[in-house]
Amino acid sequence: MRPLTLLSRRMRPIRPALLVAALGALALPGLAADETGPATSRDDLTAADRERVEAVTRPTTDFSAAETYEALPGGAATSRKRVNQDAFSHPSANLSFEEEGTFKLGNALFRKLWVSSPSSTQASDGLGPLFNARACQSCHLKDGRGHPPEGDRDATSMFLRLSRAPRTPDEQALLKDKTLLNLPDPVYGGQLQDLAVPGLKGEGRMVVTYEEFTVTLGDGTEVAMRRPDYAVSDLAYGPMDVSTTLSPRVTPPMIGLGLIEQIHPADILGLADPDDADGDGISGKPNIVRDPASGALVLGRFGWKAQTHSIRRQSAEAFAGDIGISSPDLPNHWGDCTPSQADCLAAATGVQPRLGDSEAPDPVLDLVTFYSQNLAVPARRDVDDPQVLNGKRIFYDLGCAACHRPKFVTRRDAPNKTHAFQLIWPYSDFLLHDMGPRMADWQVVGDARGGEWRTPPLWGIGLTETVNGHTFFLHDGRARNLTEAILWHGGEGETARDGFAALDADDRAALMRFLESL
């Protein structure tokens, strides 16, 4: 393969949310004339606060020393505990004593192994009937990053999302109105479940094959890469719809979710440039979704396609889709079973009327949500190291910070003071970006097109191997290290990728040291 060529670029300026207010409401996708959507200006700050926030989140131009508070990526919630395999499992450092107790209860439920119904352990039954895992912790091992099936590793922390094309005007209307973000396969639903309770068959088995190829960098260094291909074998309930697409997803790290939830939507929307009006080649856009509880249009910020607006909703969907457990927010007692799976819908449920109307009644969802909101971001390492600082400069020079935005200040009016008015360093803009056809899954999710992905936060990325024992990255773990992950960038990330490929070995090493320090 020919060497990638250098196309020089600088980091695009980050437009502060204050400009959004001056420009008026953004033309947000999916917004009807009588719907307002998420706020486009910060209504939680005084004028003095706004000046402070704008100043402290302005991109740095000084790479001679670490920035103030850069070593604390989660603000006051940052964990300063010893770095080991449990580095992603500590509570927010600024929780109260009572809140730490709530966190521990949530942790116990996060680790809870559910069993099939009927069972003598009535508070733990309701698993499935079809499922991918028996516990949240099974997928989010050590609260960290999942992996593709590799050697003797199983597929527990990676699964296939299923979606088909609309067939009728009514289905098209549901998508346009955002009542649905996509359409499930008529037989296998929205997710392939490879496991089942006794008496039923799992839906099928994910099959991953790789094609090896080589990329030659500007200095002649050869990097081995692999291109994945996905299929399903042993389908137990007949064929899938001919238009159904397979989108592989590994589980993302759990750290800092509560802080991300409290970034004001105006600060994310202020970075959007869907038509690339400034001509810098970066055209990030939000995924505007409908809150099922209120019906309001809100900003999606969680998931690989930014399809989920809150941690509570994300937790409820994981209970239903991954484990087959119903909750007050998603009372699907049979999980992802479809009308085509009659035996699945006839299976016993784990609902216990004396406990509630769902298999995970209150306060189960509340506690798991609180736990998920308060997994602390570990402190940075080596922020003053000269090689790390040089790598940071290169990160900015290549334009990486155009999408991986370093800093935000969370809402002053956050419901929990733990997350309120914190300077945080997630290294993401939480917008959708076209990453080119090589990274496309061709699956539409709300406003996210087939080649568009949410910018993943980079905080904690350097501890992946420490916590999870691997270095697989991107949405499907195709990249076996950070170098491969960068070289997979296409579309809006192509210029930064080409710049990286043209670096000499010393500068590439410096960039890696910077990323490993996050």
Side-chain angles (χ1 to χ4, degrees), residues 1-9 11 145-151 153 158 208-230 248-250 252-253 281 304 387-388 390-404 427 433-441 451 453 455-458 460-466 468-518:
M1 180 173 289
R2 293 178 300 173
L4 297 170
T5 57
L6 171 64
L7 297 174
S8 62
R9 61 168 294 142
M11 174 185 168
R145 189 182 303 273
H147 58 78
E150 292 287 331
R153 298 176 185 266
M158 177 172 167
V208 190
T209 56
Y210 294 100
E211 176 190 355
E212 300 284 338
F213 66 99
T214 300
V215 170
T216 304
L217 306 184
D219 63 359
T221 300
E222 292 189 344
V223 179
M225 304 275 283
R226 60 180 192 172
R227 182 181 294 106
D229 183 70
Y230 297 94
R249 313 281 177 89
V250 297
W304 285 104
Q387 188 182 30
V388 170
N390 185 41
K392 179 182 175 181
R393 175 190 60 79
I394 294 167
F395 183 87
Y396 277 66
D397 285 348
L398 291 176
C400 303
C403 299
H404 291 282
Y427 283 89
H433 294 276
D434 184 354
M435 297 304 292
R438 297 191 312 160
M439 284 269 284
D441 65 350
W453 300 94
T455 306
L458 297 181
I461 197 169
L463 294 176
T464 301
E465 187 168 16
T466 299
N468 293 120
H470 68 78
T471 55
F472 296 113
F473 299 109
L474 302 180
H475 66 281
D476 57 359
R478 68 178 65 187
R480 292 165 290 191
N481 51 57
L482 290 171
T483 295
E484 290 185 41
I486 295 170
L487 292 175
W488 270 108
H489 283 52
E492 296 173 48
E494 184 171 356
T495 302
R497 180 203 67 189
D498 289 353
F500 169 76
L503 295 174
D504 61 31
D506 288 344
D507 282 348
R508 289 200 307 273
L511 180 61
M512 290 300 118
R513 276 292 309 281
F514 168 68
L515 293 174
E516 289 164 359
S517 78
L518 294 178

Check: When rounded to the nearest 0.5 angstrom, what distance separates CG in Leu463 from OG in Ser517?
Finding: 10.0 Å
Notebook entry, point to check: Got Asn390 and Arg513 here, is their nearest side-chain heavy-atom distance under 4.5 Å?
Noted result: no
Next item on the list: Look up atom CZ in Phe213 and atom CZ in Arg226, then write down how far apart they are to the nearest 0.5 Å.
Entry: 11.0 Å
Next item on the list: For the pair Glu212 and Arg480, find out whether any cationic side-chain nitrogen is under 4.0 Å from an anionic carboxylate oxygen.
Entry: yes
Next item on the list: Taking all heavy atoms of Ala440 and all of Gly451, pick out the closest pair and write down the distance.
Entry: CB-CA, 3.7 Å
Check: Between Thr455 and His433, is a side-chain contact (heavy atoms from CB on, under 4.5 Å) present by the stated rule, with each step listed?
Finding: CA-CA 7 Å; Thr455 306; His433 294 276; 3.0 Å; yes
Item checked: Those residues that, when tested against Asp476, pass side chain to side chain donor-acceptor pair (under 3.5 Å) (two or more places apart) -> Tyr230, Arg478
Checklist line | Pairing residues for Phe395 by the ring pair (Phe, Tyr, Trp, His ring centres under 6.0 Å) criterion, not counting sequence neighbours | finding: Tyr427, Phe514
Check: With no hydrogens and no angle check, is any side-chain donor or acceptor of His470 less than 3.5 Å from a backbone partner on Arg145?
Finding: yes
Item checked: Non-hydrogen atoms of Leu217 and Ala501 that approach each other most closely -> CB-O, 3.5 Å
Notebook entry, point to check: Got a second to check how far Leu511's CG is from Leu398's CG, nearest 0.5 Å?
Noted result: 6.5 Å
Check: Does His489 have any ring pair (Phe, Tyr, Trp, His ring centres under 6.0 Å) partners at least two apart in sequence or in another chain, and if so, which?
Finding: none
Next item on the list: Sort and list the pairs that fulfil salt bridge (Lys or Arg N to Asp or Glu O under 4.0 Å) and have at least one residue in residues 499-512, not counting sequence neighbours.
Entry: Asp219-Arg508
Checklist line | Shortest non-hydrogen separation from Pro148 to Gly477 and the atoms involved | finding: CG-O, 3.7 Å
Checklist line | Test side-chain contact (heavy atoms from CB on, under 4.5 Å) applied to Leu474 and Trp453, step by step | finding: CA-CA 10 Å; Leu474 302 180; Trp453 300 94; over 6 Å; no
Margin query: To the nearest 0.5 Å, what is the distance between NE2 on His404 and CG on Leu518?
Written below: 10.5 Å
Notebook entry, point to check: Considering all heavy atoms of both residues, which atom of Met225 and which atom of Leu487 are nearest to each other, and what is their separation?
Noted result: CE-CB, 3.7 Å
Margin query: Going by the rule ring pair (Phe, Tyr, Trp, His ring centres under 6.0 Å), which residues pair with Trp304 if we only count those two or more places apart in sequence or in a different chain?
Written below: none
Checklist line | Gap separating the OG1 atom of Thr471 from the CG atom of Asn481, nearest 0.5 angstrom | finding: 5.5 Å
Notebook entry, point to check: Is the shortest heavy-atom distance from the side chain of Phe472 to the side chain of Val250 under 4.5 Å?
Noted result: no
Check: Rounded to the nearest 0.5 Å, what separation is found between the CG atom of Leu482 and the CE atom of Met512?
Finding: 5.5 Å
Note to self: Has Glu492 got a side-chain atom pairing as donor or acceptor with Asp434's backbone, closer than 3.5 angstrom?
What the structure shows: yes
Next item on the list: Please identify each residue that fulfils side chain to side chain donor-acceptor pair (under 3.5 Å) with Thr464, with sequence neighbours left out.
Entry: none
